[in-house]
Amino acid sequence: MKKKESTLLNMAVVLFVITLASGLSLGYVNDLTAGPKAAAKLAKKVAALKGVLPSFDNNPVDEAWKVPSSWAKDSIEIYPARGPEGFVGAAVTGASDKGYNGLVRLMVGFEPDGTIRNIAVLEQKETPGLGTKMTGEKFMKQFRGKNPSDFELKPRKDGGEVDALAGATISTRAFSEATREAYDTYMKQRQTLTENEH
Amino acid sequence: MATPLNPRQNFLKGIVKENPVFVMLLGMCPTLGVTSSAFNGLGMGLATLFVLLMSNLVVSLVKSQIPSKVRIPAFIVIIASFVTVVEMVLEAYIPFLYEQLGIFIPLIVVNCVILGRAEAFASKNKLGASLLDALGMGLGFTMALTVLGATREILGNGSLFELRFFSEDAQTILLFILPPGAFIALAYLTLVFNRLTRKVA
């Protein structure tokens, strides 16, 4: 087959046809994947909630609400959990931009009195092998069962009670700050949470 | 492309003689950027293999319709479309890998292995040969990234495909999962690869 000549008309037509075909097929694939994409996001959120909350029989995702964060455009999400006997705790997101490599976002599960039940890391870009160990059991277990009212959420270096990750004080600081944000928000919202009984 | 290659040579050249990573040193951005674990290397390799296969397929089909003065923008649009497809599919079905690879997925568009094969091979050869070429190059790229990722993960994290053989506290050579480790590991692997294949060639 002979190559098409590079006349202005030929070039314009060919590029138009290619971009049109590309645009249409991408729109089609986007439609196809929109459902699964949303499902994957929701599944991740639900998995994080199940990990940090006590067993619940309501739908925390449906009952969630947002409050604006004090320092960022980001908002803090609050997921209430209810069992047969009413309010059993809530999961609250918290974030800090003081990470070694940007944002650290957590989901912290609280008992009704504000005791930390468990923490899930939603987002982090810390140094592999150093800061990323914040997702590890060894670091995480020091927070479980602690109430931030008598457990200073700061690395020991800053006068707090959190054992820092080896070689990753900055990541520890960000993690602690994000947890503190979640805790402060939870305490502010606790009234609303406990009043909203069925 | 002086002498026409038989299909076997055409397929194997991408893996051994003209391996895009170890011999031609192309596509260094994803090679250095995502290979902090074997799984990431494999994932990036397979995503690139898919895009390479599809772009060689389409480019070889439409080559006679594209005026040569606009061939590069035409190729780039074709490649970018398939990359976007890969990105959407990964986000929907393998969200874990999507998060790990992050910005490096859209950057497959500018992976010079892909544009290189479209320009140097698919735009001059028939469909069958172009597909074989893409398969060979893609597998060569995938193999190289997986080996590099595995090396870095074993040395730097004490694990392979996330199976640990040391405890979490064990001292590993952290340098290897940090960026400088990518350069060091790549250099030594290139040396070993070329040493081994010199006899074959």
Side-chain angles (χ1 to χ4, degrees), chain A residues 1-45 47 101-102 121-125 127-133 135-140 165-168, chain B residues 36-37 40 54 58-59 61-96 98-100 102-103 123-124 126 152-153 155-159 167-169 171-179 181:
Chain A
M1 268 189 288
K2 220 174 110 263
K3 268 224 147 111
K4 265 216 166 102
E5 301 243 354
S6 294
T7 61
L8 185 65
L9 182 69
N10 270 351
M11 292 194 286
V13 169
V14 165
L15 283 183
F16 176 73
V17 171
I18 287 182
T19 43
L20 185 71
S22 145
L24 286 178
S25 40
L26 283 182
Y28 179 67
V29 177
N30 189 34
D31 270 1
L32 279 186
T33 51
K37 248 194 251 177
K41 255 193 194 141
L42 186 68
K44 198 187 162 204
K45 201 178 258 181
N101 206 0
V121 178
L122 298 179
E123 205 181 312
Q124 55 88 12
K125 300 186 200 77
T127 315
L130 293 172
T132 50
K133 284 195 175 151
T135 57
E137 182 57 27
K138 194 179 160 224
F139 178 72
M140 204 67 99
L165 288 160
Chain B
S36 58
S37 75
N40 286 0
M54 298 311 286
V58 173
V59 167
L61 283 178
V62 300
K63 59 177 183 285
S64 60
Q65 298 303 315
I66 298 178
S68 66
K69 272 189 186 165
V70 292
R71 66 185 195 285
I72 299 292
F75 294 164
I76 287 288
V77 171
I78 293 168
I79 295 168
S81 307
F82 286 113
V83 170
T84 314
V85 168
V86 167
E87 190 181 6
M88 292 196 266
V89 168
L90 281 184
E91 189 181 359
Y93 299 104
I94 322 176
F96 166 73
Y98 174 77
E99 273 164 36
Q100 290 282 310
I103 183 68
S123 66
K124 294 179 188 134
K126 291 218 176 72
R152 292 178 64 195
E153 193 181 347
L155 293 173
N157 202 31
S159 61
S167 82
E168 201 184 326
D169 302 325
Q171 286 295 316
T172 50
I173 316 166
L174 211 50
L175 174 72
F176 278 95
I177 41 176
L178 299 177

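Just the heavy atoms: all of them, side chains too, but no hydrogens, waters or symmetry mates, feed the values below. The model shown is predicted, which means the values in this text are computed figures rather than measured ones.
- The CD1 atom of B:Ile66 lies 12.0 Å from the CG atom of A:Asn10; values are rounded to the nearest 0.5 Å.
- Contact of B:Ser36 with chain A is not made at all, since no heavy-atom distance falls under 4.5 Å.
- Of the atoms belonging to B:Leu178, it is side-chain heavy atoms, and not backbone ones, that fall under 4.5 Å from chain A.
- Residues forming a salt bridge (charged side-chain N to carboxylate O under 4.0 Å, His left out) with A:Lys41 (at least two apart in sequence, or on another chain): none.
- Rounded to the nearest 0.5 Å, atoms NZ (A:Lys37) and OH (B:Tyr98) are 7.0 Å apart.
- B:Ala92 and A:Ala40 make their closest contact through O-CB, 3.7 Å (heavy atoms, listed as atom of the first residue, atom of the second, distance).
- Residue contact with chain B, scored on non-hydrogen atoms closer than 4.5 Å, involves the side chain of A:Leu15 exclusively.
- Ranked by heavy-atom pairs under 4.5 Å with chain A, the list B:Ala74, B:Pro95, B:Gly156 is led by B:Ala74.
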Under 3.5 Å donor-acceptor pairs involving side-chain atoms of residues 76-85 of chain B, not counting sequence neighbours:
residue: B:Ser81; atom: OG; partner: A:Ser22; partner atom: OG; Å: 2.8
residue: B:Ser81; atom: OG; partner: B:Val77; partner atom: O; Å: 2.7
residue: B:Thr84; atom: OG1; partner: B:Ala80; partner atom: O; Å: 2.7

- request: Tell me, with the steps shown, if B:Glu99 and A:Lys125 meet salt bridge (Lys or Arg N to Asp or Glu O under 4.0 Å).
  value: CA-CA 10 Å; B:Glu99 273 164 36; A:Lys125 300 186 200 77; over 6 Å; no
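- With rounding to the nearest 0.5 Å, the separation of CG in A:Leu26 from CE in B:Met88 is 5.0 Å.
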